[in-house]
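Structure, as structure tokens:
Worth saying up front: this structure is predicted, and the values here are computed from it rather than measured. As the structure lists them, so they are numbered: ligands from 1, and atoms in each ligand from 1.
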Amino acid sequence: MKRLVTLGETLGVLRARDVAPLRFATEMRLGMAGAESNVAIGVRRLGHLATWIGRVGDDEIGAMIVERLRGEDIDVSGVLVDEAPTALMLKERRTAELNRVRYYRSGSAGSRLSAADVPEALIAGADHLHVTGITPLLSESCHDAVRRAVTIARDAGLTVSLDVNHRRALGTPDLLRARLRPLLADVDVLFAGEDELLALTGTDHKEAGLAALADVGELVVKRGGRGASVYAAGTVLHRAAVDVLVVDTVGAGDAFVAGYLTGLLDGSPVEERLRLAVLTGAFACTVPDDWTGLPRRAELSLLEAEPGTTLR
Ligand code: KDG
């Protein structure tokens, strides 16, 4: 078993039950979400160890996050409790096929993570560090925390991955570029959607974006329902998405990353990492929240069952 370590902000989520503008919503379901903790849960369920580092508020939402992560057997020994509140996210089901997300996270506990909070031993003792482009856009101190984690990881010989995960509500493409480009020299695996490829490189078409990232060891381009491609060592590998009945796609990118990094920790070749990634990504689409549907190893064949199957 290997260990993945990650850091970032995990939020409380309130998801409207019904399809309507949020002002007319009468029932909300409480859960949690966070790109990095989603990845940690996905990797842990597939059999490797995972550590999540972050700050939560001294409140019920913060306690829920820590308890649920503990329940998923994630190492939370590096989690700090802050006097600021845990961030929230409201998920509006504006149409049956379109969600809108509003963040209530400015000044939150998670945004107060700093370089001093990054425990050297927890990072150096792991095998792989995963970070996302969300955290460096939360605040200057979060940006410093990510840089510190990457430096420790490099010095200790870990592999490092970065998922661009550009959230426009948190920062412009210019800010994203300014904060992420300097990290790329230390990144072994870069995950990006097609739009993010352009935002990160400041280019306006895919080929130019790919050319600008030619130095990245392994570039994994996520295309959602159109599958994914890996560009590595001058070769390209494509894989189609797995066909499922889609309930909600939010969290599928993190699930994809969890599958891919599990393959990396398993020591599998790129083909197998990509196979696992599209499969775990598909699992995440089958449930309304980000992470509860993430598969365990023994469940990986479930999507091959005929629709309507009951296993007894
Ligand atoms: O990737 C899914 C995430 O968007 C969600 O879990 C919340 O981390 C989150 C964010 O900042 O948007």
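- The line from CG of D290 to CG of D254 is 6.5 Å long, rounded to the nearest 0.5 Å.
- The number of heavy atoms from other shown groups lying within 6.0 Å of CG (D155) is above 12.
- E83 meets the salt bridge (charged side-chain N to carboxylate O under 4.0 Å, His left out) test with R112; sequence neighbours excluded.
- With T132 as the partner, the side chain to side chain donor-acceptor pair (under 3.5 Å) test is satisfied by one option alone out of E36, H166, R167: E36.
- Atom CG of D195 is surrounded by 12 or fewer heavy atoms from other residues, nucleotides or ligands within 6.0 Å.
- The side-chain heavy atoms of L98 and R93, taken from C-beta on, include no pair separated by under 4.5 Å.
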Exercise answer, ligand 1 polar atom pairs (N/O) under 3.5 angstrom:
| unit_1 | atom_1 | unit_2 | atom_2 | d |
| --- | --- | --- | --- | --- |
| ligand 1 | 1 (O) | R167 | NH2 | 3.0 |
| ligand 1 | 1 (O) | D254 | OD1 | 3.4 |
| ligand 1 | 1 (O) | D254 | OD2 | 2.7 |
| ligand 1 | 4 (O) | R167 | NE | 3.4 |
| ligand 1 | 4 (O) | R167 | NH2 | 2.9 |
| ligand 1 | 6 (O) | G34 | N | 3.0 |
| ligand 1 | 6 (O) | N38 | ND2 | 3.3 |
| ligand 1 | 6 (O) | D290 | OD2 | 2.4 |
| ligand 1 | 8 (O) | A35 | N | 2.8 |
| ligand 1 | 11 (O) | R105 | NH1 | 2.8 |
| ligand 1 | 11 (O) | R105 | NH2 | 3.4 |
| ligand 1 | 12 (O) | Y103 | OH | 2.5 |
| ligand 1 | 12 (O) | R167 | NE | 2.9 |

